[in-house]
Amino acid sequence: MSQLSKLTGTAVPLSALRTKSAKTIGEYTDLKLLADFAKKTGLGLIQLLPVNDSGTQSSPYSALSAFALHPIYLSLESIDGFDEVYKADKEFKKNYDAFISYHKNAERFDYDEVNNSKDYFLRLIYAATETAEKGKAAKELSFFIKKNPWVIPYAVYKNLKYSYMQASWKSWKKSDTGLSEEEIQKRFESDPAHLYYVWLQAECEQQFSESVEYCRENKILIKGDLPILMNEDSCDAWSHPEVFNQQLRAGSPADGENPSGQNWGFPTYNWKNLKAENYQWWKDRLINASKFYDAYRLDHILGFFRIWAIPENDENALNGHTEPYSGIKAEELTELGFDENRIRWLSVPHVPTGIIEDITWNHEKSHEILKLFATKLPGEELWLLDGAGKKNFGSRTIRETDLVKAELCTEEAEKRIKDYLIGKWSDRTLINVAKNKFVPSWIFGQSTSWQSLSESEKKKLSELFEAVNKKENKTWEKNATEILSALTEATKMIPCGEDLGVGFECVPRVMKKLGILGLRVVRWCRVWDEEGQPYVPFNEYEPLSVCTTSVHDSSTMREWIESSKVFEIEDNQIKEKSESVENETEEKETADEKLSYEELLKACKSAESVWFIPPLQDLLYLNEKYWKENPEDERINVPGSVNAFNWTYRIPATLEELSSDKEICKKIKNL
């Protein structure tokens, strides 16, 4: 990668943009006005959240396609044929005007309503243009199809999904799943309805490409966002099952904020199959993205080293393991003095009958309940929580089993029993990942079996676990170097990686070797193992990195400052508010906070990081008139929650208004 120039940019979801012409949410065409604002304020880069089709999911990180753009960002009024339909169809005009009137001044937008309404209007526009000139779409779209072969399975998938009322493909008839490439091609050719989805993608590409070209003409770089994972209900998982491992779900292990870890619900990749094809699916994805982006952000780059893989039928992430892993063979445990029974004690949770009987007050029914989930040890009132022979058994199996309906207990007892068994399901020292192959549980130190071991046995196992971990680190480094080398060499785009929370040293080493920019979020750039956990000085930031004040999953700069009482920069380093300052008047405190926004932005700009890309909200804090009353309302997403608030943020003014605001433009430019 050639030498990068220092620059400042801004990050924003495309949907958040407001313009006088875009009357609902931000659209592809609005990038031109954002580029005008960027040029006027001296910003050299625009970073967007993912813009791939996510269907009914408002989260842009839950894409239905690795290639297709989201039609929700289409400017309807810029499409050929809109004017004719609007003038000729009174019902269309009435509904469209009502749609615009309802959404124009909304603080946040209604994703489902906008998504469904736009699809309704787009179908009418397409139908009208096809009726006016029969076969026009088939003729004009043939070139687009040839250049974008991915659109064929995408169109068939979307048409099927529409006929199934958006239900997951996993619930479709068997005849509509597991189709070969040839069968998908025949389906595509047999139904003209598929061309609607091709037309949508051609319109998306045209509008997006024109806007991107305008940005480039004005020397504004566009940085895209490529989530590492795909929705299990995606077109790619449906049409390319060989790319994914549907038996595992990706997530993250337990930590202080997430004691049960995180289960994101996305399938992991089948890297063996991907490697056999020289990672072509990933390369194609990047090549397609390079049509629009000059740089890209790889979400969760840690996943290219190793992913936290969770059995598909588990609710939480506690029984997960890293992929790839270096397993412990049963023979190795035997050599340490653990026989078959002891290995079973370490790897399979044991449940005493008495625990369940204390809840049901019925010995026979307690046995009937345990038989559903466990295997009784001969001659003992002790059970192995092993799934009782059920395939793909997990905590979700326990949760979904109806004990009340089977007349085995009351509703109150059922809840207590399930909570106990689900907790017990993760009570183990070892995870059995394959036949006679084990890995340490992430929380093995909390397990009943670990607590029962002698100090000598604990020492032996700890040394074994440490040896396995060292071996795995070498595997992960080799693994990531191979994959990321293939990916970064596929295009000329500048690669960036979301490397937050990384805990092992090979990650920054590989990223530096391959020229991948890391991410430095100021509030989390601290020396965590030193007393007081001081902030890292800005002049010590890694040059090959992107500095930012906040991200889409965090609070904004304003909310962070108000809650943490950060107010000053000394010796090129953030210092937290002292007690003496906290006792000053409210007026002085407010003045300090206002000042700290500008000071913090300037300090970030001076960081050694080659790029500084704060969210647009954080830049707009330079003028109080753009503040919402409650800073929480300026967030984009609150992780761990699913609601109508997430991903529906809109900037507080139109881009035209911002560009004409001399004060805000001057302050941003002065950075």
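In this chain, numbering begins with 1 at the start of the sequence shown.
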Looking at [Y], is its backbone amide N or carbonyl O close enough to the side chain of [X] to form a donor-acceptor pair, meaning the two atoms are under 3.5 Å apart?
X	Y	answer
Glu498	His300	yes
Asn159	His194	no
Asn115	Gly55	yes
Lys40	Ser659	yes
Thr41	Cys665	no
Ser554	Ser550	no

Worksheet item: Which pair of non-hydrogen atoms, one from Val546 and one from Cys496, has the smallest distance, and what is that distance?
Response: CG2-SG, 4.3 Å
Discussion item. Within 45 degrees of the ring normal and closer than 6.0 Å to the centroid, is that where the cationic atom of Arg635 sits relative to Phe645?
Written reply: no
Could you tell me if [Y] and [X] have a donor-acceptor pair between their side chains, going purely by distance under 3.5 Å?
X	Y	answer
Lys291	Asn288	yes
Thr648	Asp110	no
Glu205	Ser209	no
Asn245	Asn270	no
Thr654	Glu657	yes
Tyr649	Asp633	no
Ser555	Arg523	yes
Gln280	Asp284	yes
Ser62	Asn231	yes

Nearest 0.5 Å, what's the [atom1]-[atom2] distance between [X] and [Y]?
X	Y	atom1	atom2	result
Ile184	Leu160	CD1	CG	9.5 Å
Ile125	Glu77	CD1	CD	9.5 Å
Asn52	Tyr73	CG	OH	9.5 Å
Asp30	Asp36	CG	CG	11.5 Å
His70	Gln201	NE2	CD	10.0 Å
Leu298	Leu517	CG	CG	11.5 Å

Worksheet item: Per the side chain to side chain contact (heavy atoms under 4.5 Å, CB included) rule, which among Leu484, Ile228, Ile287 passes with Trp282?
Response: Ile228
With under 30° as parallel and over 60° as perpendicular, where do the rings of [X] and [Y] fit, or are they tilted in between?
X	Y	answer
Trp647	His552	tilted
Phe208	Tyr28	tilted
Trp172	Tyr157	tilted
Tyr269	Trp271	tilted

Worksheet entry | Test log, rule salt bridge (Lys or Arg N to Asp or Glu O under 4.0 Å), inputs Asp191 and Arg187 | CA-CA 7 Å; Asp191 189 349; Arg187 291 275 189 108; over 6 Å; no
Worksheet item: Would Trp264 and Trp308 count as a side chain to side chain contact (heavy atoms under 4.5 Å, CB included) if you check the C-alpha gap in whole Å, the side-chain angles of each, and the deciding distance to 0.1 Å?
Response: CA-CA 10 Å; Trp264 301 328; Trp308 188 252; over 6 Å; no
Item to complete: For the pair Tyr626 and Asp661, evaluate side-chain hydrogen bond (donor to acceptor under 3.5 Å, both in side chains) and give the outcome as yes or no after the intermediate values.
Response: CA-CA 11 Å; Tyr626 299 118; Asp661 185 333; 2.5 Å; yes
Minimum side-chain heavy-atom gap [X]-[Y] below 4.5 Å:
X	Y	value
Ile310	Asn316	no
Ile301	Ile516	yes
Trp169	Asp176	no
Leu671	Leu619	yes

Check whether the ring centres of [X] and [Y] lie less than 6.0 Å apart, and answer yes or no.
X	Y	answer
Tyr120	Phe92	no
Phe144	Trp199	no
Tyr597	Trp627	yes
Tyr154	Phe67	no
Phe99	His103	yes

Item to complete: Let me see the working for Arg123 and Asp119 under salt bridge (Lys or Arg N to Asp or Glu O under 4.0 Å), right down to the final yes or no.
Response: CA-CA 6 Å; Arg123 287 180 183 277; Asp119 183 61; 2.9 Å; yes
Discussion item. Could you go through Ser641 and Asn646, starting from their C-alpha distance and side-chain angles, then the distance that decides it, and tell me whether this counts as side-chain hydrogen bond (donor to acceptor under 3.5 Å, both in side chains)?
Written reply: CA-CA 8 Å; Ser641 64; Asn646 288 341; 3.1 Å; yes
Worksheet item: Could you walk me through whether Lys170 and Glu232 pass the salt bridge (Lys or Arg N to Asp or Glu O under 4.0 Å) check?
Response: CA-CA 9 Å; Lys170 292 193 168 186; Glu232 66 174 333; 3.2 Å; yes
Worksheet item: Is a salt bridge present between Glu656 and Arg18, judged by a nitrogen-to-oxygen distance below 4.0 Å?
Response: no
Discussion item. Any carboxylate oxygen within less than 4.0 angstrom of a Lys/Arg side-chain nitrogen, looking at Lys118 and Glu27?
Written reply: yes
Discussion item. Quick check on side-chain hydrogen bond (donor to acceptor under 3.5 Å, both in side chains): which of Arg558, Glu634, Lys667 does Tyr621 satisfy it with?
Written reply: Glu634
Practice prompt. Apply salt bridge (Lys or Arg N to Asp or Glu O under 4.0 Å) to the pair Glu312 and Arg396, showing each step before the final yes or no.
Written response: CA-CA 9 Å; Glu312 65 171 324; Arg396 189 171 283 110; over 6 Å; no
